[in-house]
Trainee: 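Okay, handing you the structure first.
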There are 2 protein chains.
Amino acid sequence: MQEEIKTLLKEQGFTPTKKRLAILDVIFKIQPASVNQIINSLPEIDRATVYRTIDLFIDLNIAKKVYTGFKYRIELGDSFQEHHHHLTCLRCKTVMDVQTPEIEFAIDQTTKNNGFRPMRHDLEIIGYCANCS
Amino acid sequence: MQEEIKTLLKEQGFTPTKKRLAILDVIFKIQPASVNQIINSLPEIDRATVYRTIDLFIDLNIAKKVYTGFKYRIELGDSFQEHHHHLTCLRCKTVMDVQTPEIEFAIDQTTKNNGFRPMRHDLEIIGYCANCS
DNA sequence: ATCATATTGCAAAAGTGTCGCAAAATGATA
DNA sequence: TATCATTTTGCGACACTTTTGCAATATGAT
């Protein structure tokens, strides 16, 4: 997978530098990672570089921003992981991934009814997880 | 409707001041409004006041934050308008409201399957509207 | 090894949101 | 209406987040 992304970077004319791959590694590991989590995990990399790399990854659809609770985070793009949504617990702050074919289907219906061509979507569900209810 | 909110503020022990009502008016008109749109629409009101008022409105469920595209915006809470989601056009930036019973139903199903108790949710669909496709 | 280009760090600046405190506005009471 | 306690607001400072220009460094091609 990391290899695949390396290739994609090269194909698009960007160098898969050590720092870019290190940032990618953190995104793989933390999922979804806040910008600060990435910055703090990699003290040897300047914040400007982290921001620029995130922007690059988003442009290339390697990563995307999602809103869990009320801060955005970074996770892998849909080509590099199963598409899913988030259940965020207000109490323990855990973010659980869920796959929801019914929701995908419902979105298809709705957009078709409006002549809208969907490129992506983001669903965040906020509440209390089984343990914290 | 504005009257209803005035009453609600009083009941909760807050004064429905002119400035608070002016901010409410802007939220009514712009829907969903970015913080900067609100601040710029009301140059006579200090930024700190705008932020504090938005926080107050959110605490009282008069307003809520939603993410259209990649910045959050403020709109009326679910008690004061039909619950809906947004179709945001990447080209013309128009934000269209849609009501989607199927999606509400699908969310219910999904959360039940996970023992999750949903308090609110936010779905943003990004793509191209009928005119821009 | 050399060179043109891409990437990075650094420092400054812009943007966004929060806070303490003093001044002003409000509503209750007399 | 005048007084008073309380709430609301503006101001300024500050903290945090993100962007930018530029010089230094690293990279890949030759």
Side-chain angles (χ1 to χ4, degrees), chain A residues 2-3 5-27 30 32-60 62-75 93, chain B residues 2-3 5-27 30 32-60 62-75 93:
Chain A
Q2 263 95 335
E3 279 310 310
I5 292 174
K6 247 169 135 168
T7 309
L8 188 151
L9 281 168
K10 278 186 207 156
E11 280 170 4
Q12 303 291 324
F14 299 99
T15 315
T17 62
K18 273 180 198 154
K19 307 207 166 182
R20 281 178 179 157
L21 296 176
I23 292 167
L24 186 61
D25 263 349
V26 174
I27 296 174
I30 307 194
S34 69
V35 176
N36 276 339
Q37 284 177 311
I38 300 174
I39 291 173
N40 296 334
S41 304
L42 300 166
E44 71 278 13
I45 302 181
D46 191 80
R47 0 161 115 266
T49 302
V50 172
Y51 279 106
R52 280 187 284 231
T53 304
I54 291 171
D55 286 347
L56 175 66
F57 285 174
I58 289 175
D59 283 348
L60 300 180
I62 293 169
K64 60 179 180 175
K65 291 184 180 178
V66 297
Y67 291 91
T68 60
F70 276 165
K71 292 255 169 191
Y72 77 84
R73 296 187 178 211
I74 309 298
E75 66 173 29
K93 313 293 177 200
Chain B
Q2 262 96 336
E3 278 311 309
I5 293 175
K6 247 168 135 168
T7 308
L8 189 151
L9 280 168
K10 280 186 205 155
E11 279 170 7
Q12 303 290 324
F14 299 99
T15 314
T17 62
K18 271 179 200 154
K19 307 207 166 184
R20 281 177 179 156
L21 297 176
I23 292 167
L24 185 60
D25 261 349
V26 174
I27 297 174
I30 307 196
S34 70
V35 177
N36 278 336
Q37 284 178 312
I38 300 174
I39 291 173
N40 295 335
S41 304
L42 300 165
E44 70 278 13
I45 302 182
D46 191 80
R47 292 168 38 245
T49 303
V50 172
Y51 280 108
R52 280 187 285 230
T53 303
I54 290 172
D55 286 348
L56 174 67
F57 285 174
I58 289 175
D59 283 347
L60 299 179
I62 293 170
K64 61 179 181 175
K65 290 184 180 178
V66 297
Y67 292 91
T68 60
F70 276 165
K71 294 256 167 188
Y72 77 82
R73 297 186 178 211
I74 309 299
E75 65 173 30
K93 313 295 177 201

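These values consider heavy atoms only, across backbone and side chains, with no hydrogens, waters or symmetry-generated copies. Naming: A, B, ... by sequence-line order, numbering from 1 per chain.
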Trainee: Partners of B:Asp25 by side-chain hydrogen bond (donor to acceptor under 3.5 Å, both in side chains), sequence neighbours excluded?
Mentor: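 B:Gln2.
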Trainee: Atom CG in A:Asn36, atom CZ in A:Arg47: separation rounded to 0.5 Å?
Mentor: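 CZ of A:Arg47 is found 6.5 Å from CG of A:Asn36.
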Trainee: If pairs are Watson-Crick or G-U with both distances under 3.5 Å, what is the dot-bracket string of DNA chain D, marking crossing pairs with [ ] and pairs to another strand with |?
Mentor: ||||||||||||||||||||||||||||||
Trainee: Who pairs with A:Gln12 by side-chain hydrogen bond (donor to acceptor under 3.5 Å, both in side chains), at least two apart in sequence or on another chain?
Mentor: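 A:Gln12: no side-chain hydrogen bond (donor to acceptor under 3.5 Å, both in side chains) contacts found.
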Trainee: Can you list the steps and then say if A:Leu60 with A:Ile5 is a side-chain contact (heavy atoms from CB on, under 4.5 Å)?
Mentor: CA-CA 10 Å; A:Leu60 300 180; A:Ile5 292 174; over 6 Å; no
Trainee: Which ones in residues 49-57 of chain A lie close to DNA chain C, meaning a heavy atom under 4.0 Å from one of its atoms?
Mentor: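 Of all residues in residues 49-57 of chain A, the ones placing a heavy atom under 4.0 Å from DNA chain C are A:Thr49, A:Arg52.
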Trainee: Restricting to side-chain hydrogen bond (donor to acceptor under 3.5 Å, both in side chains), what partner residues turn up for A:Arg20, sequence neighbours left out?
Mentor: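 Here no residue qualifies.
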Trainee: Can you list everything that forms a side-chain contact (heavy atoms from CB on, under 4.5 Å) with A:Thr7? Sequence neighbours excluded, please.
Mentor: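 By the side-chain contact (heavy atoms from CB on, under 4.5 Å) rule, A:Thr7 matches A:Glu11.
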Trainee: Reading DNA chain C 5' to 3', which nucleotide is the first, and which the last, to come under 4.0 Å of any heavy atom in chain A?
Mentor: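 With heavy atoms of chain A under 4.0 Å away, the range is C:dA6 to C:dC10.
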Trainee: On DNA chain D, reading 5' to 3', which nucleotide is the first and which the last to sit with an atom under 4.0 Å from a heavy atom of chain A, could you check?
Mentor: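 Under 4.0 Å from chain A, the extent on DNA chain D is D:dT17 to D:dG28.
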Trainee: Excluding sequence neighbours, so at least two apart, what forms side-chain hydrogen bond (donor to acceptor under 3.5 Å, both in side chains) with B:Lys64?
Mentor: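 Residues passing side-chain hydrogen bond (donor to acceptor under 3.5 Å, both in side chains) with B:Lys64: B:Asp78.
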Trainee: Do any side-chain atoms of residues 48-56 of chain A form donor-acceptor pairs under 3.5 angstrom with protein atoms, and if so which ones, sequence neighbours left out?
Mentor:
unit_1	atom_1	unit_2	atom_2	d
A:Thr53	OG1	A:Thr49	O	2.7

Trainee: Please list residues of residues 38-48 of chain B whose heavy atoms come under 4.0 Å from any atom in DNA chain D, ordered by number; otherwise none.
Mentor: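 The stretch gives B:Glu44, B:Ile45, B:Asp46, B:Ala48 as the residues lying under 4.0 Å from the strand, ordered by number.
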Trainee: Short of 4.0 Å, heavy atom to strand atom, which residues of residues 11-18 of chain A count as contacting DNA chain C?
Mentor: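 Correct list: A:Phe14, A:Thr15, A:Thr17.
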Trainee: Should the ring pair B:Tyr67 and A:Tyr67 be called parallel, tilted or perpendicular, given that the plane angle runs from 0 to 90° and is split at 30 and 60?
Mentor: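 It falls in the parallel class, under 30°.
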